[in-house]
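Structure record follows, encoded as structure tokens.
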Amino acid sequence: MCGIFGMIGLNARVPPEVLERATRSLAHRGPDDSGTVILHDSAPGAVEIGLGNRRLAILDLSRLGHQPMNDPTTGNWIVYNGEIYNFREVRARLERERVYFGSVSDTEVILKAYARWGEKCLHEFRGMFAFAIWDAQRHRLFVARDPMGIKPLYYYRSDRYFMFSSEVRTLLGTGLVPRRIDPAGLVSYLSFGSLYDPNTLMEGVNALAPGCFLTWQGGHVKQVQYWDLVDAELVESSHRNRDAGAVRRSELETQVAEVLDESVRMQLVSDVPVGVFLSGGIDSSSLVGILSRNGIRPSTFSIVFQEADYSEAEYSRAVAQQFRTDHHEITVSQSDFFAAIAPAIHAMTLPTIDGINTYFVSERTRAAGVKVALSGLGGDEIFAGYSSFVTVPRMERFAHMWRRIPGALRNPLASIFAAVAPSNDQSRKFTALGHNGGAIVHPYFLSRMLFTPEQRCHLLDGMNMSSAAFQRAEEPLIESMNRAMSLDPVNRVSYLEARCYMLNTLLRDSDAMSMAHGLEVRVPLLDHQLARRMLALPGSWKLEKGTPKPLLVRALGAQLPDKIVHRPKRGFTLPFEHWLRDELRPVVEQALSSIADGTLGAVISGPAALGVWQDFLQGRTSWSRPWSLYVLQCWCQQHLSS
């Protein structure tokens with residue numbers, strides 16, 4: 001696991017001080033080693049390539065794993081962030097083809113696999129990765145991101161430079177990226193409380209999409225999608241499985257259990273100890289159960305709060321006792337958590353309303369001596385654990401019936417509802433569905449929406465936001481929706497949760513907040529082969545009255561304690577509602593009051609932002625709305641003020 005940076009100058013030199021500064025800015029992601037190299041390409045035209053890496057040593061702890069790494073046979077160079085869990089199998093295949101290795105690192109396996117198979121090497125890897133290879137023979141840069149988007153990669157191009165990095169903040173720190181807010185990114189953030197790939201908050205900075213690779217050659221950039229969860233083959237399998245009999249259904253569920261088991265065992269590959277985040281929920285408990293039945297007694301780590309109102313110690317202890325893990329409880333107080341808010345916002349590569357909890361858990365786990373931790377992230381998206389798997393199909397049916405009502409009646413009916421309904425977030429969303437049903441890409445996005453279209457317009461009032469900005473913000477939503485439409489309603493939600501909320505909030509926050517402390521977090525439930533197998537199963541198999549996530553529960557057999565399976569669903573909750581009315585109130589009020597005077601004031605209406613705060617104080621909106629504006633203001637002050 002690492003932080004990577006690179007830049008190419010076309011008829012422009014790579015300033016060594018910029019390369020060193022950018023690489024140094026990623027030190028938190030890789031505290032074990034550092035390296036940079038400047039290459040001079042022999043192709044026609046003056047081309048310089050600078051590559052930088054900060055390394056968190058997990059596989060091959062020796063200097064042989066140092067990056068940037070060179071392949072002396074081809075002259076290629078690589079910088080790489082991630083882990084290839086099946087690298088030994090890929091290496092063995094290459095060795096049978098008489099490819100020789102000088103290290104035991106997965107970095108060299110990627111380098112040699114690319115030399116042998118070119119871009120097709122991506123189909124051989126199971127893992128999480130973002131890497132860049134300078135192809136010396138083809139005079140091109142090859143940049144790739146893993147299928148599920150677990151590891152991030154951002155890039156920027158101008159007339160003189162092409163740059164990429166693990167973090168947006170590093171690109172800004174070069175001084176070569178204009179510090180201008182991208183209107184489409186701002187619309188995306190206000191819509192969902194996070195930025196939806198490929199948009200970022202910075203003009204000209206984009207995220208490489210999951211399952212995609214990008215090439216730079218002679219100043220020309222091309223992006224290609226090499227993998228996606230949904231394609232014609234999967235849709236055909238899904239339709240075929242829908243009519244499967246009991247025997248075939250049992251076989252398919254057994255195959256899922258086998259791939260799940262394989263994924264968890266595979267992700268233990270490491271030259272340092274691996275721990276498990278244990279919350280006591282089904283997802284993290286399933287990881288412990290799988291390890292246990294494979295004869296592995298893992299070290300588990302749980303956060304235990306002094307305040308019993310939101311402590312889950314009862315459940316994590318039950319799982320630890322059931323599987324006899326080497327259990328560690330990290331006891332914290334509310335004041336400890338409160339103190340982590342400011343540094344957590346500083347650690348965000350992009351603003352987000354989530355992630356504070358991950359920052360805190362990662363900080364305490366790394367301090368306990370753990371360098372790699374397994375997480376149950378992805379279980380809700382892949383195994384249908386959210387309430388959205390029930391509510392969104394209902395919203396789809398309502399929207400379909402609503403569109404059958406004559407247009408002349410729909411708006412008056414929606415207005416009547418708005419006049420008599422309570423002034424709260426749920427009513428506003430329902431009204432938006434009535435007024436703007438045709439303008440909202442799909443009810444799923446409304447279910448995840450932070451500010452409704454009407455509220456967004458109010459916040460952006462007078463800011464001369466072009467229609468093109470709204471169109472660019474909607475493009476990734478439309479693309480995801482078009483791919484998901486071939487699936488049944490439950491699987492459609494699964495795809496959208498994985499490609500939207502999970503990708504752009506949970507995975508990005510998990511990466512930024514854990515790597516802020518040099519902790520590698522692995523997500524076995526998001527193995528791309530497992531996710532694809534799950535999406536090929538009928539959605540009706542994934543919902544069962546009385547049993548949450550039935551396919552995951554059955555894959556564990558009778559291993560999980562009943563109190564874990566049937567406990568009330570609860571995320572890692574924090575008392576933000578209370579904090580914003582008490583300890584955080586003066587801090588948030590001051591920040592929102594100063595929006596009009598800062599960088600953000602050029603694009604957000606200060607009075608409208610304060611109106612959101614007043615709505616919260618008077619109980620008309622939830623804490624997440626003013627909190628999102630607070631985080632946005634703090635992030636802009638830190639990264640756009642100079």
Side-chain angles (χ1 to χ4, degrees), residues 154 156 168 172 177-207 209 348-354 425 428-429 431-433 435-482 496 499-501 503-505 508-509 592 595-596 598-609 611-612 615 621 624-636 639-640:
Y154 303 96
Y156 170 80
V168 171
L172 292 176
V177 177
R179 295 174 184 261
R180 293 194 295 265
I181 292 177
D182 178 22
L186 181 61
V187 171
S188 179
Y189 180 80
L190 293 177
S191 298
F192 303 108
S194 63
L195 284 300
Y196 274 31
D197 288 357
N199 297 313
T200 72
L201 197 62
M202 304 313 305
E203 192 174 283
V205 177
N206 292 298
M348 295 174 181
T349 190
L350 288 169
T352 170
I353 63 171
D354 205 2
D425 299 318
R428 276 187 283 272
K429 287 186 177 184
T431 302
L433 186 61
H435 277 304
N436 305 292
I440 294 172
V441 176
H442 186 266
Y444 166 78
F445 298 107
L446 189 63
S447 75
R448 285 291 182 190
M449 195 166 286
L450 188 68
F451 291 106
T452 64
E454 182 181 359
Q455 290 173 310
R456 288 200 311 264
C457 289
H458 191 48
L459 285 165
L460 300 171
D461 184 40
M463 301 304 163
N464 298 318
M465 190 72 69
S466 69
S467 60
F470 290 94
Q471 291 173 358
R472 280 200 299 119
E474 281 198 343
E475 284 173 3
L477 314 186
I478 295 171
E479 181 179 350
S480 296
M481 194 61 249
N482 288 340
L496 293 172
R499 276 294 179 257
C500 298
Y501 174 64
L503 171 68
N504 298 296
T505 301
R508 184 184 296 140
D509 293 348
L592 297 185
I595 282 179
T599 303
L600 196 56
V603 289
I604 291 286
S605 165
V612 173
D615 282 344
T621 194
S624 58
R625 275 76 180 177
W627 174 253
S628 69
L629 297 176
Y630 170 72
V631 171
L632 181 64
Q633 168 69 346
C634 291
W635 195 92
C636 289
H639 301 294
L640 304 185

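Both backbone and side-chain heavy atoms feed into the values below; hydrogens, waters and symmetry mates do not. Everything quoted here is computed from the prediction, not taken from an experiment.
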Y189 (side chain) donor-acceptor with S628 (main chain) under 3.5 angstrom: yes
Check the angle between the aromatic planes of Y196 and F192 and answer parallel, tilted or perpendicular using the 30° and 60° thresholds. parallel
If every non-hydrogen atom of Q455 is compared with every non-hydrogen atom of L450, which pair is closest and at what distance? OE1-O, 4.1 Å
Side chain to side chain contact (heavy atoms under 4.5 Å, CB included) filter on S480, not counting sequence neighbours, yields Y495, L496, R499, C500
For E203 and Y156 the tightest heavy-atom approach is O-CE1, 4.3 Å
Show the nearest heavy-atom pair for residues V631 and T352, with the distance to one decimal. CG1-O, 3.5 Å
Using only atom types and a distance under 3.5 Å, with no angle test, would you say the side chain of S191 pairs donor to acceptor with the backbone of V187? yes
All side chain to side chain contact (heavy atoms under 4.5 Å, CB included) counterparts of P607, not counting sequence neighbours: S605
Can you name the closest pair of heavy atoms from T200 and A207 and give their distance? CG2-N, 4.1 Å
List in chain and number order the residues that pass salt bridge (Lys or Arg N to Asp or Glu O under 4.0 Å) with D354, two or more places apart in sequence or in another chain; answer none if no residue qualifies. none
So which atom in I604 and which in A609 form the shortest heavy-atom distance, rounded to 0.1 Å? CG2-CB, 4.4 Å
dist N206:CG -> D182:CG (nearest 0.5 Å) comes out at 8.0 Å
Inter-residue atom distance L640.CG - R180.CZ, 0.5 Å rounding: 11.5 Å
If only atom types and distance count, is the side chain of T349 paired as donor or acceptor with the main-chain N or O of V168 below 3.5 Å? yes
Polar side-chain atom of N504 near backbone of D197 as donor-acceptor pair, under 3.5 Å: yes
Looking only at non-hydrogen atoms, find the nearest pair between R625 and M449 and report the distance. NH2-O, 3.7 Å
